[in-house]
Engineer: 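Below you'll find the structure I mean.
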Amino acid sequence: MACGRRNDSGIDRAIGLYESGGEKLRLLLHVCCGPCAAGVLPRVAPAFDVTLFFYNPNILPKEEFIKRLDTLKQLLSHFPDVKLIVPEQDCDEFLSVAKGAETLPEGGARCSACFALRLKKTAAYLAAHAGEYDAFATTLTVSPRKNAELINAVGLNAAQKAGVTYLTSDFKKKDGWLNSVRLSKEYGLYRQHYCGCGFPLLPAEE
């Protein structure tokens with residue numbers, strides 16, 4: 001059926017509708033880095049009119065932020081129809097929500113606050129440009145280090161408050177993470193060793 005199985009994500013259902021003859025939705029896709037985008041774009045670019053939203057004030061230091069943005073732009077040379085928005089952002093936006101949680105391990109309260117900050121900003125941008133986009137999603141769920149259920153709950157909450165539509169996902173499935181690794185190697189993309197904030201640094205990814 002075009003609507004998909006009951007446990008399909010919002011992204012799955014939207015792709016299924018498109019493949020059944022539906023229109024392309026205009027997707028505002030929050031993107032955290034080039035390697036994660038490499039695992040997501042092959043899946044969504046054929047079915048959506050995609051605009052990437054690179055809002056990540058958690059990426060520290062500034063040199064690392066620039067390096068990841070440059071890597072994303074390098075990836076987009078292989079996806080010429082995908083657009084990119086880089087809004088103004090400051091690390092103080094992240095540091096304010098992370099205050100008091102700097103020593104917690106990845107996956108704790110600091111990460112939840114970070115997800116909320118980034119997806120709230122994405123939802124607000126969509127609300128302010130409602131005629132340009134139909135829904136938003138995030139590449140964060142492609143990482144095996146990230147809790148997709150938590151990220152989706154945060155995204156749905158941000159969408160509800162902003163009055164917009166969030167498409168749930170678990171992009172690590174259907175070889176999303178494997179494609180991230182494969183295309184990063186194929187395209188010579190820089191792959192970072194840590195999520196972004198560096199509180200504390202994580203071991204290098206394979």
Side-chain angles (χ1 to χ4, degrees), residues 1-55 72-73 75-87 115 118-144 146-184 186-187 189:
M1 295 175 63
C3 60
R5 295 171 299 177
R6 184 179 296 273
N7 63 348
D8 280 351
S9 69
I11 283 287
D12 291 327
R13 292 192 294 271
I15 292 174
L17 288 170
Y18 170 74
E19 291 175 343
S20 297
E23 295 183 3
K24 275 191 176 185
L25 295 180
R26 299 165 297 175
L27 181 66
L28 184 67
L29 180 62
H30 168 263
V31 59
C32 52
C33 64
C36 285
V40 173
L41 285 179
R43 186 167 167 198
V44 300
F48 296 91
D49 179 3
V50 181
T51 298
L52 301 183
F53 190 71
F54 188 81
Y55 175 73
L72 178 61
K73 292 176 179 178
L75 171 69
L76 290 185
S77 68
H78 301 278
F79 295 89
D81 294 331
V82 174
K83 298 172 284 293
L84 173 64
I85 294 171
V86 184
F115 298 153
R118 290 188 278 173
L119 297 187
K120 178 181 177 181
K121 188 79 166 187
T122 310
Y125 186 90
L126 192 157
H129 300 80
E132 300 176 30
Y133 308 102
D134 298 304
F136 79 102
T138 179
T139 64
L140 286 166
T141 64
V142 80
S143 171
K146 300 290 188 293
N147 183 331
E149 184 176 356
L150 171 61
I151 292 166
N152 286 325
V154 170
L156 289 168
N157 183 60
Q160 182 179 29
K161 290 182 176 178
V164 298
T165 299
Y166 172 76
L167 296 180
T168 58
S169 66
D170 192 347
F171 284 121
K172 70 178 66 67
K173 294 182 177 180
K174 300 184 180 180
D175 293 333
W177 178 247
L178 293 177
N179 283 332
S180 169
V181 174
R182 178 180 61 82
L183 290 179
S184 292
E186 182 177 334
Y187 297 153
L189 302 181

Engineer: Quick check: closest heavy atoms across I11 and A137, and the distance to 0.1 Å?
Structural biologist: CD1-CB, 4.1 Å

Engineer: Can you tell me if E149 has over 12 outside heavy atoms packed within less than 6.0 Å of its CD?
Structural biologist: no

Engineer: Carefully, step by step, assess C32 and R118 under the rule side chain to side chain contact (heavy atoms under 4.5 Å, CB included).
Structural biologist: CA-CA 9 Å; C32 52; R118 290 188 278 173; 4.0 Å; yes

Engineer: To the nearest 0.5 Å, what is the distance between CG on L27 and OG1 on T51?
Structural biologist: 8.0 Å

Engineer: Could you pull out the closest heavy-atom pair between F54 and P87, with the gap in Å?
Structural biologist: O-CD, 3.4 Å

Engineer: Quick one: pull up CD1 in I15 and CG in L167 and give me the separation to the nearest 0.5 Å.
Structural biologist: 9.5 Å

Engineer: Could you tell me whether a side-chain N or O of S184 sits under 3.5 Å from a main-chain N or O of L189, the two making a donor and an acceptor?
Structural biologist: no

Engineer: Keeping the roles fixed (side chain from N152, backbone from S169), state whether a donor-acceptor pair exists under 3.5 Å.
Structural biologist: yes

Engineer: I want to check something: taking the side chain as every heavy atom from C-beta on, are N157 and L119 in contact at a cut-off of under 4.5 Å?
Structural biologist: no

Engineer: What residues form a salt bridge (charged side-chain N to carboxylate O under 4.0 Å, His left out) with E186, not counting sequence neighbours?
Structural biologist: R182

Engineer: How long is the gap from CG on L28 to CD1 on I85, to the nearest 0.5 Å?
Structural biologist: 6.0 Å

Engineer: Looking only at heavy atoms, what is the nearest atom pair of A135 and L126, with distance?
Structural biologist: C-CD1, 3.4 Å

Engineer: Show the numbers, then the answer: is there a side chain to side chain contact (heavy atoms under 4.5 Å, CB included) between L52 and L76?
Structural biologist: CA-CA 10 Å; L52 301 183; L76 290 185; 3.7 Å; yes

Engineer: Output yes when a side-chain donor or acceptor of R13 lies under 3.5 Å from a complementary backbone atom of D8, and no otherwise.
Structural biologist: yes

Engineer: Output every pair passing salt bridge (charged side-chain N to carboxylate O under 4.0 Å, His left out) with a member in residues 34-52, not counting sequence neighbours, ordered by first then second residue.
Structural biologist: D12-R43, D49-K83

Engineer: Decide yes or no for C36 and V142: does some side-chain heavy atom of the first lie under 4.5 Å from some side-chain heavy atom of the second?
Structural biologist: yes

Engineer: Do the non-hydrogen side-chain atoms of T138 and Y166 ever get within less than 4.5 Å of each other?
Structural biologist: yes

Engineer: Taking the side chain as every heavy atom from C-beta outward, state whether L41 and L183 have any pair of such atoms under 4.5 Å apart.
Structural biologist: no

Engineer: Would you say F48 and D134 make side-chain contact, with heavy atoms under 4.5 Å?
Structural biologist: no

Engineer: Which residues pass the salt bridge (charged side-chain N to carboxylate O under 4.0 Å, His left out) test with K120, sequence neighbours left out?
Structural biologist: none

Engineer: Atom NZ in K172, atom OG1 in T139: separation rounded to 0.5 Å?
Structural biologist: 11.5 Å

Engineer: Classify the ring geometry of Y125 against H129: parallel below 30°, tilted from 30° to 60°, perpendicular beyond 60°.
Structural biologist: parallel

Engineer: What is the minimum heavy-atom distance between A123 and A158, and which atoms define it?
Structural biologist: CB-O, 3.8 Å

Engineer: How long is the straight-line distance from CG of N147 back to CD1 of I151, given to the nearest 0.5 Å?
Structural biologist: 7.0 Å

Engineer: Please tell me whether F53 and F136 form a close aromatic pair, meaning their ring centres lie under 6.0 Å apart.
Structural biologist: no

Engineer: Give a yes or no answer on whether the side chain of S180 reaches the backbone of P35 with a donor-acceptor pair at less than 3.5 Å.
Structural biologist: yes

Engineer: What closest approach, in Å, do A38 and P42 show between heavy atoms, and which atom pair accounts for it?
Structural biologist: O-CD, 3.2 Å

Engineer: Should the heavy atoms of other residues, nucleotides or ligands under 6.0 Å from NZ of K24 be counted, would the total exceed 12?
Structural biologist: yes

Engineer: Quick one: CG on L17 to CG on L25, what's the gap to the nearest 0.5 Å?
Structural biologist: 8.0 Å

